Number of protein chains: 2
Amino acid sequence: MFTKSEITQQKAARKGAATIARSTIGKIRGTYDQLSRTEKKVAQLALDNPGVVSEMTIKELSSATGVSTATISRFVKRMDYANYREFTMALAHMAIEDAPQVSSFPELDEGDSLSTIANKTFRYTIHSLEATNEALSEHELARAVLKLIHAKSVTFFGLGGSSIAALDGYHKFLRTSLNVAFYPDYDIQLMQAAKLGQDDCAIIISHSGRNHETLNIADELNKNGVTIIAITSYSGSPLAQAADVSFLSLTDEVNYRSEGMYSLISQLAILDSLFMMTVLRISSRTDQTLTKVRDVIEQTRHER
Amino acid sequence: MFTKSEITQQKAARKGAATIARSTIGKIRGTYDQLSRTEKKVAQLALDNPGVVSEMTIKELSSATGVSTATISRFVKRMDYANYREFTMALAHMAIEDAPQVSSFPELDEGDSLSTIANKTFRYTIHSLEATNEALSEHELARAVLKLIHAKSVTFFGLGGSSIAALDGYHKFLRTSLNVAFYPDYDIQLMQAAKLGQDDCAIIISHSGRNHETLNIADELNKNGVTIIAITSYSGSPLAQAADVSFLSLTDEVNYRSEGMYSLISQLAILDSLFMMTVLRISSRTDQTLTKVRDVIEQTRHER
DNA sequence: TTGAAAAGTGAAACTTTTTTACATATAATA
DNA sequence: TATTATATGTAAAAAAGTTTCACTTTTCAA
């Protein structure tokens, strides 16, 4: 039998585990294109039919996908589950939580009324945010914040549509004690990249993660040993590969046609999170050198 | 691999099974005092801590209760579960459904873990979007779209933090056939405002709606009879008063201290909606002059 | 291009978990 | 008290899941 406190402890432990597990479902989505050929088969079936797969034994899943049990076992471990059983549990949770979403995500239609168009747009946006949130891992966040706090300077890079996100990041972090920079022009971004060094940190934003100019900047930064934090929509993209830490702004794959629309907002939300984490972590360490959280947030209100 | 119909069948089968399983949780409760001495120990622990027990192996449950694995195995069969695994699944479901949605909207705290900070940030953001969406009225949307479609030109105005939203709006609407403009600098914004006339349309973005420079621009526009569409957080603000149509980017009042943080994303979502509505309405009217929606959205994907 | 190193994979050995068979104990009943 | 039905644990069997190892494919540098 358990004593009361033992159970309480286990509950706490489980809660932690559950949080991790949940975000790891996002991880399957997020790392999807980094998976190998066979692993994709497994991930596909699991994501498409979480309810069905959650009730399968590893052998059944093996013959359903044509992938060996060994590979499946290794796959779930790489997805950060302790074992196959924990994986199926997570799928079961997912099946429950996704189920009540009867409305799904209808495509926008020319016949829609204006408020319908607005509603759908907002729903897509919210859905992207949820997916993005789930894909964030504590580990990556910790690494990013650590780098940011200790960096001599933080420069934001982003071209085209992503320059908006970069500009926003710059604006936000201006309010911290960090030494931040942003340059709208590509050539100047590139030149500035060449001037950064090991103690500096760069935040690069790119939806596709394969824009040529953006990659030039990343190369330049890597050459100089600058820490790169990337925000992109594809974990397998060259930018994600080149980065020290990368975050994914996700959209539901079903709506692939319009994903670019919603990635900006997800990018901003990631930046918001990084900003809040940085502010809270800085203020809790060196209180007197830096403004307190509230003051910082208070300032935000006086923005135009 | 599964065929489509096989999966459908399995889904149906599962649904049936789940229904039975659920009522069988009730069965444990119902038949509780018909259970034997040892079985009661098991049932007790399972009902009291479904979440904890759902993650135990049969051996762990055995040593936790002091009942042999054999007895437990037989017990779950008598409760109509096919096997131990199905039993733990049912417990997991129970744990989820019984857990009340405590969520609400807690303040950010210095002691929060990084993923907690991120989760809270995303939740606030989503909440703001929901509030903003609800506040949109069909009537105002219709007026705005009508003005936009028939305008000779559309200029975006925004200073400070709101310049980011203005820039984003400009970027988005560039892809339409509308004649759009944006100038980052205040003085130039003001000068350009003086050059616009009755047939033009202006979209002004300001969180507070009372920034002095922004209001100067609004005055100038009003003087020339330019149609003003405002995006602000306060319906009573001078900007909202000065505008022909105004949209509100809302945040939950409870979290007044941090509202500035989330208004940008709501502003962007409003612009997204206006963009989608404009594109869909334009394309459904004059098909040959304008690119089809899909092409436009497709272009969005190739953004950097 | 080529060859070495790295990554991916399945068969099979191995471990753990769950179920069943069997022996024994306990309680109920005639 | 003998008989029978029910309960339970031990241990063997079966099933499920994990790891090892040999082989294949891919990647990357020369």
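Per chain, numbering begins at 1; letters A, B, ... match sequence-line order. All figures in this text were calculated on a predicted structure; none of them were measured in a lab.
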Tell me: CZ of B/Phe75 to P of D/dG9, nearest whole Å? 14 Å
Distance-only side-chain donor-acceptor flag, A/Thr71 / A/Ser68, under 3.5 Å: yes
Distance flag, aromatic centroids of A/Phe87 and A/Tyr81, threshold under 6.0 Å: yes
Strictly below 4.0 Å: does A/Lys77 bring a side-chain N or O up to OP1 or OP2 of D/dT19? yes
Rounded to whole Å, please give me the gap between CD in A/Glu60 and C1' in D/dG17. 13 Å
Nucleotide nearest B/Ile58 (side chain, heavy atoms from C-beta), chosen from C/dT18, D/dT10, C/dT9: C/dT18
Roughly how many Å is it from CD1 in B/Ile72 to P in C/dT17, rounded to a whole number? 13 Å
I want to verify a distance call: between D/dT19, D/dT18, D/dG9, whose nearest atom is closest to the A/Ala70 side chain? D/dT19
Can you work out whether A/Arg74 or A/Lys59 has the more 5'-proximal nearest nucleotide on DNA chain D? A/Lys59
To the nearest Å, give me how far apart CZ (A/Arg85) and C1' (C/dT18) are. 10 Å
Could you state the CG-C1' distance from A/Leu35 to C/dG8, rounded to the nearest angstrom? 12 Å
Rounded to the nearest Å, what distance is computed from the CD atom of residue B/Glu39 to the P atom of nucleotide C/dA27? 15 Å
Using whole Å, report how far OH of A/Tyr81 lies from P of D/dG17. 16 Å
So, B/Gln44 and B/Asp48: side-chain donor and acceptor under 3.5 Å apart, yes or no? yes
Partner of A/Val53 under side-chain contact (heavy atoms from CB on, under 4.5 Å), chosen from A/Thr88, A/Val42, A/Leu61: A/Leu61
Which nucleotide in C/dT16, C/dG10, C/dT19 has an atom nearest any side-chain atom of A/Thr38: C/dG10
In whole angstrom, give the distance that lies between atom NZ of B/Lys40 and atom P of D/dT8. 11 Å
Side chain of A/Thr71, heavy atoms from C-beta onward: which of D/dG9, C/dT17, C/dG10 has the nearest atom to it? C/dG10
Selection from C/dG10, C/dT17, C/dT19 that lies nearest to any side-chain heavy atom of B/Thr69: C/dT19
Can you tell me if A/Ser266 and A/Ser249 form a side-chain donor-acceptor pair at under 3.5 Å? no
Closest of D/dT8, C/dT19, D/dA16 to the A/Thr57 side chain is D/dA16
